[in-house]
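We name chains A, B, ... by the order of the sequence lines, and we start the count at 1 in each one.
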Number of protein chains: 2
Amino acid sequence: MTLQQLRCIVAMVRNNLNVSETAVALHTSQPGVSRHIRQLEDELGVALFERSGRQVTAITAAGHDVIRVAESVLAGAEDIRSLGRQHSDPHAGELRLATTHTQARYVLPGIVRAFTDRWPRVDIHIHQGTPAQMARMVESGEVDFVIATEGEHHYDALAMLPCSRWHRAIVVPPGHALEKLAAIGSLTLEALAAYPIVTYVFGFTGRSRLDRAFHARALVPDVVLTATDADVIKTYVRTGLGVGLIARMAIEAGADDDLVALDASHLFESSVTHIGMRPRRALRPFMHDFIERFAPHLTPALVDAALSAPTPEKRARLFDEIALPER
Amino acid sequence: MTLQQLRCIVAMVRNNLNVSETAVALHTSQPGVSRHIRQLEDELGVALFERSGRQVTAITAAGHDVIRVAESVLAGAEDIRSLGRQHSDPHAGELRLATTHTQARYVLPGIVRAFTDRWPRVDIHIHQGTPAQMARMVESGEVDFVIATEGEHHYDALAMLPCSRWHRAIVVPPGHALEKLAAIGSLTLEALAAYPIVTYVFGFTGRSRLDRAFHARALVPDVVLTATDADVIKTYVRTGLGVGLIARMAIEAGADDDLVALDASHLFESSVTHIGMRPRRALRPFMHDFIERFAPHLTPALVDAALSAPTPEKRARLFDEIALPER
DNA sequence: GCCGCTTACGCCATTCGTAAGGATC
DNA sequence: GATCCTTACGAATGGCGTAAGCGGC
């Protein structure tokens with residue numbers, strides 16, 4: 001039994017039981033993967049995958065059990081490498097994030113600034129992508145963390161820890177009719193639905209909550225333009241294309257003073273930002289520090305407890321009593 | 001990083017940081033071990049062992065952390081092999097025990113009989129040895145379980161689960177003076193100490209409890225002969241050499257009717273029999289079944305909980321509330 | 001001077017990738 | 001016919017063991 005064999009069977013699951021894809025993902029040849037799987041099966045004396053002819057079609061019961069353990073073995077090997085880096089130089093390393101534009105542009109800058117002051121020799125890489133892409137980046141180990149607010153179902157295989165609760169705002173040019181409605185407390189979903197709307201692309205930054213709110217009132221919003229980032233949205237609001245609907249944290253004092261922001265937290269359910277990572281994996285000290293700066297209630301002890309929780313349910317229970325900061 | 005490298009560093013700890021001994025234990029050459037350690041250190045970029053010149057003298061902080069994780073990785077690899085055996089044939093396998101003569105001769109026969117009826121294709125191997133030898137056999141994986149009542153300090157690295165509480169008996173030829181004392185309830189340690197005693201060798205079958213009881217009363221027992229097993233002791237009692245002091249469970253109806261057994265549970269502290277195994281290791285179903293037959297309170301769920309407990313303290317706490325059967 | 005670890009070297013086993021072959025949809 | 005996995009084969013890497021070297025105790 002070798003670690004490479006275990007890598008193959010684990011990667012097979014993440015690659016639709018397709019040997020060729022798995023080979024690409026592992027940067028090796030396809031016969032190599034095929035051989036490793038067969039050798040491991042020979043050594044264990046039991047088939048791990050079901051085959052119809054030459055096609056790999058399913059995972060056997062034995063395969064399920066073995067792959068589960070193999071994942072933890074590989075996680076352990078990864079932890080050992082991480083320990084090596086940590087001890088060889090505790091103050092140097094990489095922090096690789098995948099996140100959305102909203103976080104990268106409006107939330108992270110202050111945190112990253114303080115973080116780099118404390119850890120000058122840790123390099124930070126911020127990747128952007130769709131929820132599905134970001135999930136894959138974390139699962140494959142390409143990045144350490146994903147910070148996300150949408151697309152929960154993509155993140156089933158990850159430990160998602162709640163970080164903060166955030167609300168929405170409506171942005172309009174000064175003098176807009178909605179501004180007057182807001183002033184007298186009459187800003188409703190119905191009023192909003194009367195105007196063309198500019199907001200996030202579906203699947204990004206809590207967009208689903210937004211659609212759900214309209215749908216619950218049997219309203220059909222007239223979404224004339226969508227974008228993945230609030231800067232673009234605000235730009236079109238400035239041109240008079242429509243009413244902007246964005247995260248409250250995406251409004252900057254100074255730069256956005258030419259627009260009027262109206263609180264919309266009573267119109268839409270709040271959303272929760274999560275930080276996601278691979279479970280059962282040890283974090284380096286600077287990673288713990290980053291998480292704690294991003295969400296002060298996520299202490300190293302709590303995060304470690306969450307990461308070592310045997311099931312997602314037990315993990316979730318750790319956060320039942322915790323009040324999230326609001327943004 | 002290879003599993004073999006991890007095996008080397010883990011084995012180093014169990015072999016006094018001695019590369020040559022480690023090589024023997026791993027059935028390989030000494031330069032091989034040396035190379036593997038150095039290569040792993042190179043890959044991780046940190047020294048795992050401290051060296052004074054060429055001598056390996058200590059484990060570094062990094063080494064401690066890495067070895068701890070390496071142990072769990074190797075345990076996982078072992079679990080995978082075990083899963084293979086289990087799925088390839090759930091009803092066949094080996095159950096390898098290390099225990100003392102008392103258990104093997106007087107306690108296990110009934111249990112083994114019922115067990116083999118249920119698992120006819122599981123081969124049972126019973127090894128005997130001193131506590132130190134038995135501990136090594138389990139640690140090295142040579143046997144699966146040790147059943148022991150003495151020499152706790154040898155078993156620090158194992159998960160020791162309490163099985164049953166047992167008491168002592170005095171065996172004498174019929175008509176012995178102690179028999180009369182017992183009949184009138186006057187059997188005391190002082191009375192016992194007046195006679196030559198035949199009992200277990202030091203380090204076996206709760207012998208230390210016995211010495212402690214005499215010592216607490218400032219008595220010096222006249223131990224004229226010791227043996228590792230009760231059969232030998234009873235034989236010498238029959239020849240009139242002295243008074244036998246053995247485990248109550250070592251007295252058989254029928255075979256021992258020519259001797260008189262006097263209860264001595266009020267004279268000596270009771271002892272607890274433990275079953276020991278390597279922690280953080282999955283057990284096969286028939287192993288769980290064996291344990292439960294041996295100690296009905298040790299359900300598979302409880303055993304699994306104990307084996308996955310992070311510290312010996314947490315493991316011990318699982319048994320705080322549990323009443324042990326008495327023998 | 002002995003013991004113990006490291007380095008050097010040669011052999012062998014294993015692995016890996018390319019190329020061809022067979023099965024399935 | 002296209003896709004996908006397996007088998008076959010040759011090159012190369014790496015592991016292993018023997019033998020020699022070197023540093024502490």
Side-chain angles (χ1 to χ4, degrees), chain A residues 1-60 62-63 66-67 70 73-74 77 80-81, chain B residues 1-60 62-63 66-67 70 73-74 77 80-81:
Chain A
M1 183 189 313
T2 68
L3 291 172
Q4 184 70 352
Q5 291 170 347
L6 301 184
R7 253 175 239 124
C8 287
I9 60 167
V10 168
M12 277 287 279
V13 181
R14 297 227 172 287
N15 290 279
N16 314 312
L17 304 183
N18 183 313
V19 178
S20 311
E21 283 182 39
T22 302
V24 174
L26 293 178
H27 307 106
T28 181
S29 73
Q30 176 263 353
V33 174
S34 187
R35 244 193 322 259
H36 274 137
I37 294 171
R38 197 156 283 279
Q39 282 174 343
L40 184 58
E41 288 180 322
D42 286 349
E43 180 178 342
L44 298 181
V46 62
L48 302 176
F49 298 102
E50 283 176 13
R51 298 165 172 83
S52 90
R54 307 209 154 190
Q55 234 76 341
V56 177
T57 55
I59 309 174
T60 63
V66 169
I67 287 166
V73 168
L74 293 175
I80 289 175
R81 274 184 267 272
Chain B
M1 183 189 314
T2 67
L3 290 171
Q4 185 70 351
Q5 289 170 348
L6 301 184
R7 254 174 239 126
C8 286
I9 60 168
V10 168
M12 278 287 280
V13 180
R14 297 226 170 287
N15 289 278
N16 314 310
L17 305 182
N18 182 313
V19 178
S20 310
E21 281 182 39
T22 303
V24 174
L26 294 178
H27 306 108
T28 182
S29 72
Q30 176 265 350
V33 174
S34 186
R35 246 194 322 260
H36 275 137
I37 294 171
R38 195 157 285 276
Q39 282 174 344
L40 184 58
E41 288 180 323
D42 285 350
E43 180 179 342
L44 298 180
V46 60
L48 302 176
F49 297 101
E50 282 176 13
R51 297 165 172 83
S52 90
R54 307 209 154 191
Q55 234 78 343
V56 177
T57 56
I59 308 174
T60 64
V66 169
I67 287 166
V73 168
L74 294 175
I80 289 175
R81 272 185 268 270

Check this for me, if you would: do A:Glu43 and A:Arg38 make a salt bridge, where the nitrogen-to-carboxylate-oxygen distance has to be below 4.0 angstrom?
no
Would you call B:Gln5 and B:Ile9 a side-chain contact if the rule is heavy atoms closer than 4.5 Å?
no
Once you round it to whole Å, what is the distance between P of D:dT6 and CG of A:Leu17?
12 Å
How many whole angstroms separate atom CD of B:Gln5 from atom P of D:dG15?
7 Å
Return the value, rounded to whole Å, for the distance between atom CG of B:Asn16 and atom P of C:dG4.
11 Å
Would a 4.5 Å heavy-atom cut-off, applied to side chains only, mark A:Thr60 and A:Val46 as touching?
no
Close approaches to DNA chain C from residues 22-32 of chain B, in residue order (heavy atom, under 4.0 Å)
B:Gln30, B:Pro31
Shortest non-hydrogen contact from B:Cys8 to B:Thr22?
O-CG2, 4.0 Å
Quick one, B:Val13 and B:Ile59 - any side-chain contact, counting heavy atoms below 4.5 Å?
yes
Let's see if you get this right: which residues in residues 35-52 of chain A place a heavy atom under 4.0 Å from DNA chain C?
A:Arg35, A:His36, A:Gln39, A:Ser52
How far apart are the closest heavy atoms of A:Leu40 and A:Met1, and which atoms are they?
CD1-CG, 4.1 Å
Angle between the two end axes of the helix from C:dG1-D:dC25 to C:dC25-D:dG1, five base pairs per end, rounded to 10 degrees?
30°
Pairwise side-chain contact, A:Thr2 with B:Thr2, heavy-atom cut-off 4.5 Å (strictly under)
no
Which atom names give the shortest non-hydrogen contact between B:Ala47 and B:Ala62, and what distance separates them?
O-CB, 4.0 Å
Side chain to side chain, B:Val19 and B:Val56, heavy atoms closer than 4.5 Å:
yes
If only side-chain N and O atoms of A:Ser34 are considered, is one of them under 4.0 Å from the OP1 or OP2 phosphate oxygen of D:dT7?
no
d(CG, A:Asn18; P, C:dC25) in whole Å:
15 Å
Expressed in angstrom and rounded to an integer, what is the separation of B:Gln55 atom CD from C:dC5 atom P?
6 Å
Please report the shortest heavy-atom distance between A:Val10 and A:Ala70, naming the atom on each side.
CG2-CB, 3.8 Å
Between A:Phe49 and A:Thr57, is there a side-chain heavy-atom distance shorter than 4.5 Å?
no
Can you tell me how far P of D:dC5 sits from CD of A:Glu21, to the nearest Å?
9 Å
